[in-house]
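Proteins come first, then strands; the chains are lettered A, B, ... in the order of their sequence lines, and each starts at number 1. None of these values were measured; they are calculated from a predicted model.
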Amino acid sequence: MDLEWSSDERRFRDEARTWLEAHLAEWKAGHDGDLSGDTRDGFARHLVWEQMLFADRWAVVSWPEAFGGRDASLWEWLIFEEEYYRAGAPQRVTQNGIFLLAPTVFEFGTPEQQAHILPRMAAADDQWCQGWSEPNAGSDLASLTSRARRVDGGWVLDGQKTWTTRGAFCTHLFGLFRTDPESERHKGLTYLLVALDTPGVTVRGFGRLDGDEGFAEVFFDEAFLPDDALPGGVVLGGEGQGWSVAMATTSSERGLTLRSPGRFMAATARLIELYRSAPDDPLLRDRVTRAWMKAEAYRLQTLQTVTGTVEGRPAGAETSLVKIWWSELDVELHEVALDLLGADAEATGPWSKGWQFSLSGPIYAGTNEIQRNIAAERLLGLPRR
Amino acid sequence: MRFAFTDDQVAFRDAVRDLLAKECPPEVVRAAWPEGEVPGGAKPGEGARADADRLDAVWRALADMGVLGIAVAEEHGGLGMDELNWVLIAEETGYAALPHPFVETVCVAAPLLGRADLADGSATATVQPGRDEPVPWASADVLLAIDRDAWTLTVHDEWEADAVASVDGARQLASVRASGGEEVGGAALAFDRGALGTAAQLVGLGRRMLDLTVAYVVERKQFGVQIGSFQAVKHHLADAALDLTFAAPAVHRAAWSLATASPDASRDVSMAKAMASDAAHRAGRAALQCHGAIGYTVEYDLHLYVERAAALSRAWGTAAWHRGRVGRALEI
Ligand SMILES: Cc1cc2nc3c(=O)[nH]c(=O)nc-3n(C[C@H](O)[C@H](O)[C@H](O)COP(=O)(O)OP(=O)(O)OC[C@H]3O[C@@H](n4cnc5c(N)ncnc54)[C@H](O)[C@@H]3O)c2cc1C
């Protein structure tokens, strides 16, 4: 065991810190106050930030240089995330592309698809949203009914997706469609890459709990998707293979990529600052301490997981427990913050906004009930029904 | 950066695990319970002193393997190893609910006093981890009394002990009176080692209770199906696994912090003890609930582990006491 960073890793951290401090100040100077990336104007402003990150190769540090990254190790990626949130840098409006679609493209994409999709995604030229859920297919994703019918030279899409995060602002959607009309459940699904300006595709944004237009419904009405709409084609991983391709994405979603420990370490550090500014209260102090310990435990568990990954022992079903842990921690730490603020918590501010968002953590990326089912069945070996 | 144990550390842990599985099954833990009539303890006549030989044999087997001297300097007949080398073994002693003063003797007294008789199993030590607190393993040869307000540590070779009935009959709890003794340095380190060893045992206990329960709910049927197929049961056990999954790295990190004399060692030990106490508590509640009434009997083995966990989660500082120490380290 060795829990120290190497001198190279410390140098990497310093470089990231210095860059973030300088450039964040520059970016923040361009607008007033805190800006949500889940509104139309805020999204546009966040794309400016993404372009700044990309220009200096900080957008996707762990990717190969050829695609805009810097070939950083998993360790360096963790360090970058710590520095990113420590600096108070904004949410990544490109996250569903770079953290969810990209790992799938690396695993299943053809070289031609990779060469086209990845650099444009890293540069935020294309912005990807996730089109999985449907009005009648949430936790039970395999019951989805959106169809893609094979025709000469392409596909004809019909159906509806919903809860599509930032769908109203993005340019592209990666989604699951039923391509074999005779098929049921997990079979006969195909993972398709769809430009949202395809004729016959309509996007309607709507408000989330916090009022931002962060959700969208996407309607497909006899929309023709040509095979050559993207170089390398619009199918990712083969016709009929959609389910197994999609499941590769879910492990990134639950695991450490979507919500790395750095985010919660930074939030608990701010919580501690908030505690210091409020009158002493032993009960609240205990709750702040608990939140800090949980964030720290998440960091440690992640170090253990990354060690395993680096040494060829990748994480299995325990990623379901990880998803429960960070999402419940996020709610808990924001609730302590609101209790510290007392009556002032009602006024809209970073903590109340963060709390509203935290409430969705136990729902998206597979609800925590579903994660508990998975952990019980695959980790503990309890019988399925 | 590497957050994992070495192959040697894992192999040593596995050897101890195998030994305890063979030499310290539940009937040996029961043998440590007093004969009958202890409130909440073994049923009358069950304190099976008949198995007393096996009880001693476990400790001897651990001595033969070198486990008891793991933290004793080589010149005193030990292996001279640090916390990283015994933390996994402490976990296994928790898993087995070993009815011997492992933490007190092996983790705390042996490295502090450097006595060969503690390393070879011919003597045992016990610890009073805080002023006026009850003391387990009352038949030990040495008593280390820690005062964690003044941070002093006094070594007693003689003391008076009045037995106290314990929820965990195997612990031989007593209230002690001791005067004189020899004050030695290192109270804070000794306490941290004891709290770490106890935290590790709690993680092991939590795992044992979870394993027992998983085995039971797969076996037991109601409404014509395995009760482990019910979602309420699954979620109880997933929650138990959740807390244990995140407590264990905290315990392992605390071992690293002690082994490297990190300035944060006490904070890290406290985080480990607080999280392990809570995780074992939650695992115990889940285990009892998912067993139904059978778990609520003295015939069935579960109670041996539930009650050990209840005792250890409050010994060596409660979770709340340790969180208080973490909070102070965070300057809040
Ligand atoms: C903020 C946010 C962003 C999102 N972004 C996207 C996105 O970008 N793209 C996308 O495709 N989707 C997105 N989603 C949708 C998300 O994936 C779904 O909400 C989620 O899968 C749950 O589906 P549902 O909302 O239909 O709830 P339901 O599946 O109807 O579940 C309702 C309740 O029933 C419980 N339940 C359901 N089935 C079971 C079961 N088998 N066992 C136990 N309990 C069960 C659930 O746990 C939940 O508590 C987002 C959701 C949120 C909140």
Side-chain angles (χ1 to χ4, degrees), chain A residues 1-6 9 73 75 78-79 268-269 271-273 275-276 280 282 284-290 292-294 296-308 310-311 313 318 320-322 324-325 328-329 368-369 371-377 379-385, chain B residues 1-6 9 84 210-211 213-215 217-218 225-231 233-253 255-257 259-260 262 267-268 270-272 274-275 278 319-320 322-332:
Chain A
M1 192 174 291
D2 174 10
L3 303 186
E4 304 277 10
W5 297 108
S6 71
E9 286 158 345
S73 68
W75 296 120
L78 276 182
I79 292 170
T268 47
L271 181 64
I272 286 172
E273 288 303 316
Y275 182 83
R276 290 187 184 135
D280 218 26
L284 288 168
R285 188 194 308 127
D286 193 60
R287 290 172 61 199
V288 172
T289 306
R290 267 179 202 272
W292 178 85
M293 292 197 308
K294 287 189 177 173
E296 181 69 0
Y298 180 31
R299 182 179 78 87
L300 296 170
Q301 196 273 346
T302 301
L303 296 179
Q304 196 182 54
T305 303
V306 171
T307 301
V310 167
E311 296 181 356
R313 291 173 272 115
E318 61 269 27
S320 287
L321 296 179
V322 171
I324 299 172
W325 189 263
E328 292 188 347
L329 158 63
N368 286 8
E369 288 73 30
Q371 305 301 341
R372 285 182 167 91
N373 294 348
I374 295 172
E377 288 163 13
L379 206 60
L380 303 178
L382 297 188
R384 307 180 67 118
R385 282 201 92 177
Chain B
M1 180 63 71
R2 180 174 191 274
F3 196 159
F5 290 91
T6 65
Q9 286 162 343
L84 276 172
L210 187 56
D211 285 355
T213 311
V214 166
V217 301
V218 168
V225 297
Q226 294 157 290
I227 56 171
S229 67
F230 294 126
Q231 200 167 59
V233 169
K234 285 181 180 170
H235 287 197
H236 276 309
L237 298 183
D239 281 336
L242 176 71
D243 282 7
L244 290 166
T245 297
F246 286 85
V251 171
H252 300 163
R253 190 273 294 273
W256 188 81
S257 297
T260 57
S262 158
R267 180 200 70 184
D268 296 345
S270 279
M271 169 173 160
M275 292 191 73
D278 287 347
H322 282 286
R323 281 196 301 274
R325 205 162 67 138
V326 173
R328 284 192 294 284
L330 297 175
E331 295 173 24
I332 57 172

- Checking heavy atoms, do the side chain of B:Arg325, its backbone, both or neither come under 4.5 Å from chain A? neither

- Note on the structure: Turns out that what part of B:Ala274 lies under 4.5 Å from chain A's heavy atoms comes down to side chain

- Query: What part of B:His236 gets closer than 4.5 Å to chain A, counting heavy atoms only: side chain, backbone, both or neither?
  - Reply: neither

- Message: If I measure from the heavy atoms of chain B, does A:Trp325 come under 4.5 Å with its side chain, its backbone, both, or neither?
- Response: both

- Approximate separation, where rounding is to 0.5 Å, of A:Leu379 CG and B:Leu237 CG: 11.5 Å

- Message: Are more than 12 heavy atoms, taken from residues, nucleotides or ligands other than B:Glu331, located less than 6.0 Å from that residue's CD atom?
- Response: no

- Pick one of side chain, backbone, both or neither for B:Asp211, based on which atoms fall under 4.5 Å of a heavy atom in chain A. neither

- Any chance you could lay out the side-chain contact (heavy atoms from CB on, under 4.5 Å) test for A:Arg290 and B:Asp278, step after step, and finish with the verdict? CA-CA 11 Å; A:Arg290 267 179 202 272; B:Asp278 287 347; 3.7 Å; yes

- Worked verdict on B:Phe3 versus A:Thr305 for side-chain contact (heavy atoms from CB on, under 4.5 Å): CA-CA 8 Å; B:Phe3 196 159; A:Thr305 303; over 6 Å; no

- Note on the structure: Whatever's closer than 4.5 Å to a heavy atom in chain B on A:Glu369 counts as both

- Interatomic distance, CD1@B:Ile332 vs OG1@A:Thr289, rounded to 0.5 Å, equals 3.5 Å

- Is chain B contacted by the side chain of A:Arg276, its backbone, both, or neither, given a heavy-atom distance below 4.5 Å? side chain

- Task: To the nearest 0.5 Å, tell me how far B:Gln226 CD sits from A:Arg384 CZ.
- Result: 13.5 Å

- Query: What is the minimum heavy-atom distance between A:Leu321 and B:Leu242, and which atoms define it?
  - Reply: O-CD1, 3.2 Å

- Heavy-atom check, side chain of B:Arg2 versus side chain of A:Glu311, under 4.5 Å: yes

- Distance (rounded to the nearest 0.5 Å) between B:Gln231 CD and A:Glu377 CD: 8.5 Å

- Task: Could you have a look at B:Ala4, B:Ala241, B:Ala250 and say which one has the most heavy-atom pairs with chain A under 4.5 angstrom?
- Result: B:Ala4

- Counting distance only, does the side-chain N/O of B:Lys234 pair as donor-acceptor with the main-chain N or O of A:Ala375 below 3.5 Å? no

- Query: Quick one: does B:His235's side chain get under 4.5 Å of A:Asn373's, heavy atoms only?
  - Reply: yes

- Message: Are the side chains of B:His252 and A:Gln304 in contact, using a 4.5 Å heavy-atom criterion?
- Response: yes

- Which of B:Thr260, B:Asp239, B:Thr245 touches chain A most, by non-hydrogen pairs under 4.5 Å: B:Asp239

- Task: Between chain B and each of A:Leu3, A:Asp286, A:Asp2, A:Leu303, count heavy-atom pairs under 4.5 Å; write down the option with the most.
- Result: A:Leu3

- Query: Does the pair A:Glu296 and B:Arg253 meet the rule for a side-chain contact (heavy atoms from CB on, under 4.5 Å), with working shown?
  - Reply: CA-CA 11 Å; A:Glu296 181 69 0; B:Arg253 190 273 294 273; 2.8 Å; yes

- Item | Euclidean distance, B:Met275 CE relative to A:Leu300 CG, rounded to 0.5 Å | 9.0 Å

